[in-house]
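In what follows, a structure is listed as structure tokens, so that the remarks can point back to it.
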There are 2 protein chains.
Amino acid sequence: MYGMKATNIRARVRAEMTEEIKTIARRHLATDGANLSLRAVARDLGVVSSAIYRYFASRDELLTALILDAYNSLGQTVEDRERAVARDDLTGRWMAVCDSVRGWALERPHEYALIYGSPVPGYQAPQDTVAAATRAVTVLGTIIQDAAVTGRVRHDPPEPLAAEVVEDVRRAGSVIAPDVPDAVTARALSAWVTLFGSVSFELFGQLNQVVMHRDEFFAHQMRVQARFVGI
Amino acid sequence: MYGMKATNIRARVRAEMTEEIKTIARRHLATDGANLSLRAVARDLGVVSSAIYRYFASRDELLTALILDAYNSLGQTVEDRERAVARDDLTGRWMAVCDSVRGWALERPHEYALIYGSPVPGYQAPQDTVAAATRAVTVLGTIIQDAAVTGRVRHDPPEPLAAEVVEDVRRAGSVIAPDVPDAVTARALSAWVTLFGSVSFELFGQLNQVVMHRDEFFAHQMRVQARFVGI
DNA sequence: GGAATGCGAGAGCACTGCTCTCTCAGTAGA
DNA sequence: TCTACTGAGAGAGCAGTGCTCTCGCATTCC
């Protein structure tokens with residue numbers, strides 16, 4: 001209508017089908033992890049297995065799509081939750097990021113394992129995933145940048161930094177946190193590691209007979225990290 | 001001879017065979033990860049696939065054996081490396097633990113992924129692995145215990161700890177680090193997470209376009225962690 | 001020496017990822 | 001509107017998988 005070509009049924013059905021395959025595959029992720037069965041997905045979809053190959057050239061390509069979606073879903077969640085906090089409440093923003101990463105991971109443990117667990121053997125992540133993968137950590141970087149430009153980073157006596165470390169830290173901070181002192185950026189990188197290390201330890205069972213009160217322990221840890229970083 | 005029963009050939013051959021299966025399986029771990037093929041292992045061994053089942057009841061049982069070996073290998077390495085440092089050089093001992101964990105992981109990335117990566121779907125680690133899994137962190141605990149009894153933990157103003165966190169921290173420290181202040185034990189737990197988080201991030205590719213000087217960055221991080229803990 | 005046991009071979013079952021061909025419905029150009 | 005083209009599902013097939021079962025044979029035990 002209005003000069004538009006008639007709706008392209010094929011294209012629309014194709015998009016829907018692609019989404020549906022991914023949705024079912026995500027469900028299978030829960031029981032079979034990264035070696036989910038294409039044939040089982042096809043069965044659930046009421047279609048013969050070879051039909052899947054019209055949409056994804058291989059199982060790896062399906063996994064890549066799931067990985068990309070997972071990174072973006074996590075990134076979106078973190079961005080949304082952080083945006084809802086008052087800009088000058090730096091600690092609140094920090095905690096919002098930490099909580100939302102963990103919350104997202106607890107809701108979708110298998111998608112988290114897909115992106116932050118051991119890499120799938122023989123699988124090489126294509127470049128597309130890199131941009132999506134940086135969304136979460138970028139939010140963290142923005143917080144310390146905001147802290148720095150409003151003069152609210154604590155100035156502890158900075159640890160001495162080897163030249164190589166300074167180089168890495170500067171490059172890492174140059175785009176999103178250029179006004180942050182090197183020592184603070186370095187600590188933020190450590191805090192980033194601790195955040196995901198914590199979530200991974202909890203999800204992958206390393207805390208099993210060690211920490212019982214997961215919520216409180218995590219919150220405490222992340223609060224300490226915020227102070228350690230200097231906000 | 002000398003009253004001993006004749007050597008039990010069967011038993012000896014069985015032990016050798018079991019070792020050989022695990023060795024070959026470890027090799028396959030590198031290319032196929034946790035879903036290595038029993039049949040391929042059998043082929044490499046020059047034996048038909050059903051023969052493997054005389055030694056391991058299932059692929060999961062083989063994996064369990066590999067996991068157990070990995071934990072013990074890591075634990076042994078860490079213990080040996082830490083023992084070689086002078087007892088009163090607390091920072092040196094701390095760094096020895098961190099370096100040896102990372103060194104071991106870089107040498108055997110696939111065994112590391114097996115024990116610290118995403119859990120194998122549908123696989124439940126038996127209780128046997130728990131004891132082996134704690135060896136590495138126990139060494140860390142011993143260091144802060146030694147620091148405490150010789151009066152060498154720094155006394156920063158301790159962070160406030162929620163009651164639930166205190167409970168977890170006390171239980172975690174009660175056996176190996178009973179004389180350590182709660183706040184220090186809590187920080188040591190965080191440092192433990194950061195240590196393995198760092199190694200996982202590096203191995204699993206999360207540091208890929210971020211940190212180039214891995215050795216220096218890791219050493220810096222762990223040094224900061226030691227000071228953060230208070231030794 | 002005879003009975004019991006341990007072990008490898010081999011066949012077989014149900015499953016996997018993936019390829020290829022066939023057929024038919026939707027689409028585009030005249 | 002008719003025709004040629006293209007995209008999509010069905011189905012068969014290949015090589016591989018974990019695992020089971022049975023069958024011989026060698027070692028061990030009594």
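Heavy-atom basis, side chains included; hydrogens, waters and symmetry copies ignored.
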* To do: May I ask you to say what B:L62 touches in the nucleic acid, namely base, sugar-phosphate or nothing, with a heavy-atom cut-off under 4.0 Å?
  => nothing
* **Ion pair A:R102/A:D99, N-O distance below 4.0 Å** => no
* Under 4.0 angstrom, heavy atoms only, what part of the nucleic acid is A:S58 near: base, sugar-phosphate, or nothing? -> sugar-phosphate
* Asked: Nearest to the side chain of B:L38, which nucleotide is it out of C:dA9, D:dC19, D:dT6?
  -> D:dC19
* To do: Pick base, sugar-phosphate or nothing for A:F56, based on heavy-atom distances below 4.0 Å to the nucleic acid.
  => nothing
* Polar pair under 3.5 Å, donor/acceptor by atom type, side chain B:R14, base C:dG6 -> no
* Structure fact -> Which of D:dG9, C:dG17, D:dT17 is nearest the side chain of A:R54? It is D:dG9
* Structure fact -> Closest to the side chain of B:A51, out of D:dG13, C:dA9, D:dA8, is C:dA9
* Closest to the A:R59 side chain, choosing from D:dA10, D:dG16, C:dC18 -> C:dC18
* State whether the distance check finds a donor on one side and an acceptor on the other, under 3.5 Å, for side chain B:S50 versus base C:dG10. => yes
* What is the nucleic acid contact for A:V47, judged by heavy atoms within less than 4.0 Å: base, sugar-phosphate only, or nothing? -> sugar-phosphate
* To do: Please tell me which of the listed nucleotides, D:dG11, D:dC19, C:dG17, lies nearest to the side chain of A:Y53?
  => C:dG17
* A:S37 side chain near C:dT16 phosphate (N/O to OP1/OP2, under 4.0 Å) -> yes
* Any idea which of D:dG16, D:dG18, D:dG11 is nearest the A:V48 side chain? -> D:dG11
